[in-house]
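Convention: sequence-line order gives letters A, B, ...; per-chain numbering from 1.
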Protein chains: 2
Amino acid sequence: MKKYVFKFNEGSASMKNLLGGKGANLAEMMHIGLPVPPGFTVTTEACTRYYEEGKKIAEEILQQVFDALEDLEEMTGKKFGSPDNPLLVSVRSGAPISMPGMMDTILNLGLNDITVEGLARSTNNKRFAYDCYRRFIQMFGDVVLNVEHEKFEHIISTVKEKRGVTYDTELTAEDWQEVIKNYKGLVEEHTGRQFPQDPREQLVMAIEAVFRSWNNQRAIVYRKINKIPDDLGTAVNVQTMVFGNMGEDSGTGVAFTRNPSTGEKAIYGEFLLNAQGEDVVAGIRTPQNIKQLESLMPDVYRQLVDVCNLLEKHYKDMQDIEFTVEKGKLYILQTRSGKRTAAAAVKIAVDMVKEGLITKEEAILRVSPEHVVSLLHRRIDPEAEIEVIAKGLPASPGAAWGHVVFSPDEAETLGQQGENVILVRTETTPDDIHGIVMAQGVLTSRGGMTSHAAVVARGMGKPCVCGCEAISIDYENEEFRVAGLVVKKGDIISIDGSTGQVILGKVPLIDPELSPEFRELLQWADEFRKLSVRANADTPQDAKLARDFGAEGIGLCRTEHMFMGQDRLPVVQEMIMAETREEREKALAKLLDFQRQDFEGILEAMQDLPVTIRLLDPPLHEFLPDEDELKEEIAELKAKGDMENLEKKQEMLKRVKALKEFNPMLGLRGCRLGILYPEIYEMQVRAIFQAACNLAKKGIRTIPEVEIPLVSNVNELKLLRELVENIASQVISEEGVKVEYSIGTMIEIPRACVTADEIAEYADFFSFGTNDLTQTTYGFSRDDAEAKFLPEYVDKKILPENPFIVLDRKGVGSLMKTAVSLARNVKEKLTVGICGEHGGEPSSIEFCHEIGLDYVSCSPYRVPIARLAAAHATLKEKKNC
Amino acid sequence: MKKYVFKFNEGSASMKNLLGGKGANLAEMMHIGLPVPPGFTVTTEACTRYYEEGKKIAEEILQQVFDALEDLEEMTGKKFGSPDNPLLVSVRSGAPISMPGMMDTILNLGLNDITVEGLARSTNNKRFAYDCYRRFIQMFGDVVLNVEHEKFEHIISTVKEKRGVTYDTELTAEDWQEVIKNYKGLVEEHTGRQFPQDPREQLVMAIEAVFRSWNNQRAIVYRKINKIPDDLGTAVNVQTMVFGNMGEDSGTGVAFTRNPSTGEKAIYGEFLLNAQGEDVVAGIRTPQNIKQLESLMPDVYRQLVDVCNLLEKHYKDMQDIEFTVEKGKLYILQTRSGKRTAAAAVKIAVDMVKEGLITKEEAILRVSPEHVVSLLHRRIDPEAEIEVIAKGLPASPGAAWGHVVFSPDEAETLGQQGENVILVRTETTPDDIHGIVMAQGVLTSRGGMTSHAAVVARGMGKPCVCGCEAISIDYENEEFRVAGLVVKKGDIISIDGSTGQVILGKVPLIDPELSPEFRELLQWADEFRKLSVRANADTPQDAKLARDFGAEGIGLCRTEHMFMGQDRLPVVQEMIMAETREEREKALAKLLDFQRQDFEGILEAMQDLPVTIRLLDPPLHEFLPDEDELKEEIAELKAKGDMENLEKKQEMLKRVKALKEFNPMLGLRGCRLGILYPEIYEMQVRAIFQAACNLAKKGIRTIPEVEIPLVSNVNELKLLRELVENIASQVISEEGVKVEYSIGTMIEIPRACVTADEIAEYADFFSFGTNDLTQTTYGFSRDDAEAKFLPEYVDKKILPENPFIVLDRKGVGSLMKTAVSLARNVKEKLTVGICGEHGGEPSSIEFCHEIGLDYVSCSPYRVPIARLAAAHATLKEKKNC
């Protein structure tokens, strides 16, 4: 006969699938000799069978339950339904995978009109007994009989009012009796039958209710979100009641074996004297710090500390323990791994290695890379109360506060005076860069995750909330409106670029921490990971930061951001407006000086490490003003009669119109620009090699890697490789020093993936640009998709997640795999990396490891995460082997 | 010892690689007993060796040349360099693959100051002899010694002037002697040495010059364009001279064995009495029709006809023959397959099958599918003289003439009055459809091959020239300017949508012909081809036309064009402007009636054949007016104070702005629309099935295939398949009749290709949309690419051709292959077709055959081409097996 019921002493921690997490841990604790009130577990298989047999509990199972119940009676010397010394039990759900709060608990089961009197007598506490009974009816009524919780509360309120009292504790035994009478009336009215008095019937109904709760709406949704299979089923734990509410020598509480907030190795938690578990949750009385238990009940405290130590050693992890003290005796009701903050997770993992509890590998796997993201940006103090007034796209992580300004010029002026400002714009353009530089953060009402503001802010590591359509900006009156609220220039707001929240007023911020323990953990991660980690950085500052965070090179240096500086943009526009090649070359000569300085700075900061420099990528119209703005300016100039500037602007408008594209994302950009206007790329390559040569003369070794973007056909690379080689050897021979360099390409177009064998012949390295590759593989314009249909796609589960955040392994990933295998077939040692935003996302990093990439490159702030995730990938693979 | 020289009687037609085309054919003709002047061929291997040995002719080879020369002397009884009876030869190049005009010819070689007198004596014609000599010096000087041709002509002109005569024929022997003297002076001055008098030296120099000509600029470029390998080399033919310029019993000419223009089986060609070959080309005298030879030289004519018959039977193809008559004796100097018009190609191929000369397979392969394109549209009479004033993109083939109009309303009005009009617009929008319908053709100054005008015109089979940026339109003054010319409303222009030409005035047009022979050839093609051929058609008219041209179904019926009719567009806009689902459904109910009629028409026209109907694909903003236009309208309404319309337009502007996208091609369109607004697709599906049921009730069998566009993820198809199935079974059960139908998807996104196994599970058929697939695979927006960089890419040979015209096998094709194999792995019998424009392009059709597609679908006008191309693909494959 199959065993559907396990006494606690028959199970163990390894039986989670059968007994559920709670049941398995109760069994385990019993084995190691902890004071666990006895009980038994009805298995998940019983739950599954319950559903298979049309929501009926088989006789066979009931028999096993009653047999276990008899054992329990024997063990405790109490009897179920006994008028003298009644056995009372709790009935609790416990699934194999923790689903906190998803299912329900019933305490004090076994009470009825008769046993309640026995309880009163045996405890010599009538008030306690009737309080227990009314709690039971209430919980049972709610969970098993579906009577609205509110209606019970209403009955208590009525009685309290009648008595003229405020707190439950002020009610007497007689008051509770009146409450109970009314409760029973409520149940009868609601269910059409009397409240069940037979304890066995109560037990069966409760077990069934737990089984049913597996398929309540909350549980179904929770499983869907957390991808928990629907057919696991839940176990049911039936445990002898112990009472923390039997007087001042009793109590109940929760203890963490270490501080879940900081990770400090010291018992942490809280308790309430003379209380049952729900009282802690109800928040009517304020619990006391667990430390105070030491003076109140020194023995119990010492025991508890011992239990904590024992459980931690046993489970090799920080534990979250529920305990009850009944008349000076300690009982442990539950233990589980404790939830903790990212900082605590890091500290506990590192400490435990030093304590010899776990290995470095285990420590690394204990810290989730996604979890530590929060440690790498300024963030809003989680304790703070905040007033969220709107939500946009979380475009660049981190939090900031500042005075609202609507013009980049003003942002610059105030910023230079040391004021905190948040720049608020409908969208930003290259003209706004000087303002963004001096602002604490950026808020826009239009544009997606790849809008100008988002890209620039991420590049600078500045918080940014984009596409916050709820706010409507009125530049003229210098204010924005949101949900009836008017926020004026100078008002203080805060933004959280990690969540997209816009908050009224100044919020307290916590600085990013790279604690000593975190650094140590990352060093261990470095010992295991196979993937190298680089950073995407466009400035010497970012490069230095990345290096400090452990970057082993720059995987993507975007040269276009250098074109957007306030001193450069007019020259760039001059170049674009040039009518002849000569005019264009004159402007380019000026840009050459700027670019040489840029590259010297970055290459010097990354001395001895590779720096991948991507040649100009965006379409030229991105450097020109917006068409509508220009039209307005022209109208103004006309009104003023400023003929000279008018003509200039009209010329510019003409060019803006000529450069306009239907689908700029698929237009004249990337290497297509380099092929149509070779002089631009020539200038950039000259600047790179002049910079490298200048540094070489100072004894600084640099490793520039010139990268050609948007290649779809080998001939593009072939042609441009020749151009780069020509200029490089020209500059190197002019300067008379040696420079190590290589030439490679972005792989960001499906065609490049499927013809990677051809392309590899002309490339020293590949770098997957998975932002564009995701756009083209899906046929999604990111800006449009995220604004118009991606949210609905994720909602409707058409897509499991936003593929711009988590790499789509089946589609984009399959093309990447094809590319790697085609390319390595012709060039075994080809260096292959990734520099799309996925390079900093843990699940995507795991995939990159699996397909054998050499490195990932991500924003400087994500470098620690990538180091950790890369180690995870190696260790997980090892585990699966 | 290797044989480098073959006498004509030693070779054969099969030795083209070694002897070149001309040499092999001369040998062949000698074998079959035709009167070929004797000679020999120096092989292509000699040419290769010449280059291998640093541009030197090996002694061994020269020895073989001189041996062959001795044989020739023996055979002719003449002697090289003999003062009495000198042997004269022609030296001509002849590569294995014909490169017409790429290399040069030298006649009369062997003449010098002494042999010329011998020639004068032996022919008793001093003038003739000196004429020959001066011709020889001139050709030899030009081809071998690099003396400018012009300088020789100048000498003749000077002498003619001195003599006061106009024509060469008026010059006497003495005049030629003076010319020769001056020629020799010119040569000496130019080369620093005297004109070579030794005939053997002349011969060696001439052979070397032919070898060198293999690598002259013209030849290199020609080989590159025509993809001829550079290492083939050329052969050299040395042939005894015969003279057509020895009097009125001599002559020279060209004969085709059939009429190369019509294909009529009758000798065709022209000749000149008393002339050498160059005289025909020079165009100084007008040649006579070959028929006249019958009366002038009946014997020769009869011989020539015999030769023609013999050669045609021998080569089994129409021949282009060069002949010379020397003193009444016919000589054949060359034969080759004759070039012919498409109409002639068809007629000749079919006739030859009937004559038993060739098989049906051979006949099919003789007619190039690309070649017959010209037969399927109205075209400009190739004989006409035309004045091209501008060139745009050849957006929709065919030619038309008409009065210029600038407004669609006017086009409609005049068109209804029976006037021919050409609608000239900067670009067209859905608002213009009624004008396009009534116009003969459309000319736009903006937009690419997929612009609205282009797509609509191609759909209607109307000529269209797009993106003709040279013309600048002035709507206000109703005129356009181009290169200084002003064309006013009402002026007549012609356009050729096959070439992009815009022509001033009315040109004579030739109607498309599907001659009886063509129909017969296509029927034979149908016997062999494996690919089925369908048409892309959106109207009953197109469907009928396609059926007449042999379409076996509709592969793509675009429902959006039905939304653009003048009566529908306001309803569509009403639907888009709807604020609530109810409002939208009200508008949709009206559209339902329109769509049902549309589908009834098409399904009835295609009775018993499958009709693939694609649900709505373009983004909704395509149905709203242009933003700038709306703004203007609003300004006008404001000025007028028309508040009611003002508000409406302002609402519309708001919606236009809200629907605006950064990259519409990758935005909210295709099935994404169907998922966000299921009610639109529901209406369309309902219309399809109501139409099918209505026809079923009349006993008309229809086979609708519902097609979901732009799927990138299986879940999109899964969801929409359910929607289609629900509506279909609902309608079918309401109507109570049976309808065979299927549900499938476009494959037009790279991700769909690499996840085709998943997608196939929910699809009854796939149809490759290679227009979009090419855009996403390359990351090219077609409109932008064709306007901004594709032409330069093709020019610079970065791409072999425009991938939107010829399918890119290596990239797009590889994804198609992946898709087919993944899909057929899970669903062996899945129907797979193609409906992109490539479906009508022969090389792409061949590829579709190779990867095992079931059908191609193309514009009705391309159906015959596709039938032929599909047969070609099968027959070529058979050949290669």
Is it the side chain or the backbone of [X] that comes within 4.5 Å of chain A heavy atoms, both, or neither?
| X | result |
| --- | --- |
| B:Leu719 | side chain |
| B:Asp795 | neither |
| B:Ala658 | backbone |
| B:Glu716 | both |
| B:Glu469 | neither |
| B:Lys817 | neither |

Taking the inter-plane angle between the rings of B:Phe766 and B:Phe768 on a 0 to 90° scale, is it parallel (under 30°), tilted (30 to 60°) or perpendicular (over 60°)?
->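 B:Phe766 vs B:Phe768 ring planes: perpendicular.
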[X] side chain vs [Y] backbone, donor-acceptor pair below 3.5 Å:
| X | Y | value |
| --- | --- | --- |
| B:Arg672 | A:Phe789 | no |
| A:Asn771 | A:Gly836 | no |
| A:Asp626 | A:Glu629 | yes |
| A:Asp757 | A:Leu822 | no |

Compare every heavy atom of A:Lys660 with every heavy atom of B:Lys788, then report the nearest pair and how far apart it is.
->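 The pair with the smallest heavy-atom distance is NZ-O, 3.3 Å.
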List the atom of B:Leu717, the atom of B:Tyr762, and the distance in Å for their closest heavy-atom pair.
->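 Where B:Leu717 meets B:Tyr762 most closely, the heavy atoms are CD2-O, 3.6 Å.
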Winner by heavy-atom pair count (cut-off under 4.5 Å) against chain A, out of B:Val714, B:Leu676, B:Leu799 |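 Most heavy-atom pairs within the cutoff with chain A belong to B:Leu676.
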With chain A, which of B:Glu748, B:Arg751, B:Met665 has the greatest number of heavy-atom pairs at distances under 4.5 Å?
->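 Top option by heavy-atom pairs under 4.5 Å: B:Arg751.
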Checking heavy-atom separations under 4.5 Å from chain A, one finds in residues 807-816 of chain B B:Asp808, B:Lys810, B:Gly811, B:Ser814, B:Leu815
To the nearest 0.5 Å, how far apart are CD1 in B:Ile675 and CD1 in B:Ile708?
-> 9.0 Å
Quick one: of A:Pro750, A:Gly667, A:Ser712, A:Ala785, who has the most non-hydrogen atom pairs under 4.5 Å with chain B?
-> A:Pro750
In terms of heavy-atom pairs under 4.5 Å with chain B, which of A:Pro664, A:Cys753, A:Gly670 leads?
-> A:Pro664
Option passing side chain to side chain donor-acceptor pair (under 3.5 Å) with A:His621 (candidates A:Glu661, A:Arg669, A:Glu627) | A:Glu661
Sequence neighbours left out, what passes side-chain contact (heavy atoms from CB on, under 4.5 Å) with B:Thr426? Give chain and number order.
->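 Counting only residues at least two positions away or on another chain, B:Thr426 forms a side-chain contact (heavy atoms from CB on, under 4.5 Å) with B:Ser445, B:Ile473, B:Tyr475.
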Taking B:Ile680 as the fixed residue, which of B:Leu615, B:Ile576, B:Leu616 is the one that meets the side-chain contact (heavy atoms from CB on, under 4.5 Å) rule?
->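 Answer after filtering B:Leu615, B:Ile576, B:Leu616: B:Leu616.
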